[in-house]
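Each remark here refers to the structure printed beneath this line.
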Amino acid sequence: MSFARTNGIVLHYRRIGRRGGARIVFVNSLGSDITIWDDVADELGADFDLLFYDKRGHGLSEVSPAPGGIADHANDLVSLLDHVGWDSAAVCGLSVGGLISMQLAVRAPARVSRLVLMDTAARIGSLDAWNVRIDAVLQQGVAAIGDQIMERWFSPGFRNGEPDAFAGWQRMLERTPAAGYADTCRALRDADLTETIGGISAPTLVIAGAEDLSTPPELVADTARRIPAAAFRTIAGAGHLPCIERPVEVASLLREFLFQGRRLHVAEQGGRVAAYQE
């Protein structure tokens with residue numbers, strides 16, 4: 001385990017894989033920690049230099065003394081990249097991590113060599129829905145909303161077929177500090193990048209779990225259409241966290257998109273993606 005004070009916040013991070021390999025930094029979803037990427041890391045570690053971290057207010061990272069927005073989260077990531085000595089990297093963001101990644105790609109394009117957006121959108125949820133969730137968490141803790149979140153996170157096949165793993169991931173969610181969870185909900189509530197993501201210049205791959213109830217595939221696809229030359233793919237049998245339910249498929253898509261300069265473009269019909277060598 002490693003820790004660093006970045007942008008005034010102590011972040012927990014982990015760097016594994018092949019030093020000197022292509023660099024990928026992973027940005028987590030709301031209510032999760034770096035363990036959600038463990039199986040993906042097992043698939044990619046032999047070829048890539050991988051960086052994972054807990055967002056402020058999550059996992060082992062510090063809860064901010066003051067609420068922060070998506071821009072603050074993006075600044076945390078810039079500071080972490082500086083700390084590990086990376087001038088740029090491929091950035092893979094899941095859910096709110098996708099919003100953080102989009103913000104970084106817009107504000108500091110030189111830091112983002114390639115962009116992978118997973119189960120995310122330029123605008124997620126409504127003002128009223130986020131306020132209700134914030135109030136519930138601050139009054140009763142994250143466990144009060146645990147069951148409903150887990151129903152939206154995972155496909156029925158995983159919920160029914162992997163009950164022990166499902167229970168374990170619910171423990172991860174419910175151990176998130178209420179203050180950290182609520183602060184990130186506020187960041188999501190206030191974030192709308194709909195009018196800015198058209199300025200993203202990094203080659204981009206957008207991925208959606210076909211059974212995601214938190215950010216449905218049609219919402220994710222709409223974000224993909226707003227980013228120039230972005231590719232869009234769905235992963236069958238996955239909910240909001242394909243990195244847990246379908247890690248081999250996620251790793252395969254990342255490898256295809258990132259390894260040795262390969263780039264994906266969207267075919268004109270049916271969202272089919274073809275690869276070509278740069």
Side-chain angles (χ1 to χ4, degrees), residues 1-7 9-17 24-45 50-64 68 70 72-74 76-77 79-81 83-84 91-101 116 118-120 124 133 137 141-150 152-154 158 162 164-188 209 212 214-215 238-247 250-251 254:
M1 291 187 290
S2 299
F3 297 87
R5 184 171 295 279
T6 59
N7 195 32
I9 300 293
V10 174
L11 295 183
H12 168 233
Y13 71 94
R14 181 185 182 206
R15 184 181 176 188
I16 64 170
I24 315 173
V25 58
F26 294 83
V27 194
N28 291 4
S29 59
L30 174 66
S32 70
D33 61 29
I34 61 176
T35 59
I36 65 171
W37 301 106
D38 281 356
D39 289 342
V40 174
D42 288 344
E43 296 290 327
L44 297 178
L50 308 175
L51 178 63
F52 309 90
Y53 73 102
D54 292 330
K55 293 183 308 300
R56 58 169 66 193
H58 287 68
L60 299 181
S61 290
E62 188 176 23
V63 177
S64 173
I70 292 298
D72 296 290
H73 283 279
D76 293 348
L77 178 51
S79 294
L80 180 61
L81 293 175
H83 176 78
V84 299
V91 182
C92 178
L94 172 61
S95 194
V96 66
L99 276 162
I100 295 165
S101 302
V116 179
M118 191 179 304
D119 295 85
T120 190
I124 301 175
R133 190 184 299 194
V137 166
V142 177
I145 61 169
D147 289 342
Q148 69 184 69
I149 297 301
M150 294 294 288
R152 300 172 67 83
W153 268 11
F154 290 103
F158 187 86
E162 301 285 348
D164 293 341
F166 183 80
W169 292 118
Q170 185 159 354
R171 298 290 82 71
M172 175 200 67
L173 167 69
E174 293 178 355
R175 288 174 179 171
T176 306
Y181 189 96
D183 285 350
T184 306
C185 286
R186 294 187 188 99
L188 279 159
D212 185 357
S214 291
T215 51
H240 191 58
L241 304 176
C243 50
I244 293 176
E245 292 196 63
R246 294 290 185 268
V250 169
L254 291 174

Any non-hydrogen side-chain atom of [X] less than 4.5 Å from a side-chain atom of [Y]?
| X | Y | value |
| --- | --- | --- |
| Leu51 | Leu80 | yes |
| Thr120 | Thr215 | no |
| Ile16 | Phe52 | yes |
| Arg152 | His240 | no |
| Cys185 | Val137 | no |
| Trp153 | Gln170 | no |
| Asp72 | Ile9 | no |
| Ile70 | Val96 | yes |

### Query
Do any N or O atoms from the side chain of Glu245 and from the backbone of Gly239 form a donor-acceptor pair under 3.5 angstrom?
yes
### Query
Looking only at atom types and distance, does a side-chain atom of Lys55 sit under 3.5 Å from a main-chain N or O of Gly31, one as donor and one as acceptor?
no
What heavy-atom pair brings [X] and [Y] nearest, and what distance separates the two atoms?
| X | Y | result |
| --- | --- | --- |
| Ala251 | Glu43 | CB-CB, 3.4 Å |
| Gly68 | Ala187 | O-CB, 3.5 Å |
| Asp119 | Gly209 | OD2-N, 2.9 Å |

Reported [atom1]-to-[atom2] distance for the pair [X] and [Y], which is rounded to 0.5 angstrom:
| X | Y | atom1 | atom2 | value |
| --- | --- | --- | --- | --- |
| His73 | Leu99 | NE2 | CG | 10.5 Å |
| Ile34 | Leu50 | CD1 | CG | 11.5 Å |
| Ser101 | Leu77 | OG | CG | 7.0 Å |
| Arg5 | Glu62 | CZ | CD | 5.5 Å |
| Leu241 | Ser32 | CG | OG | 7.0 Å |
| Leu30 | Ser95 | CG | OG | 6.5 Å |

### Query
Relative to the ring of Phe26, is the ring of Trp37 parallel (under 30°), tilted (30 to 60°) or perpendicular (over 60°)?
tilted
### Task
Kindly determine whether Tyr13 and His83 satisfy side chain to side chain contact (heavy atoms under 4.5 Å, CB included), including the steps that lead there.
CA-CA 11 Å; Tyr13 71 94; His83 176 78; 3.2 Å; yes
#### Entry: Charged N-O contact under 4.0 Å between Asp183 and Arg56
no
### Query
Does the pair Asp33/Arg14 count as a salt bridge with the N-to-O cut at 4.0 Å?
no
### Query
side-chain contact (heavy atoms from CB on, under 4.5 Å) with Leu11: which of Asp54, Leu60, Asp76?
Asp76
### Query
Of the options Val27, Asn28, Thr6, which is the one that meets Tyr53 in a side-chain contact (heavy atoms from CB on, under 4.5 Å)?
Val27
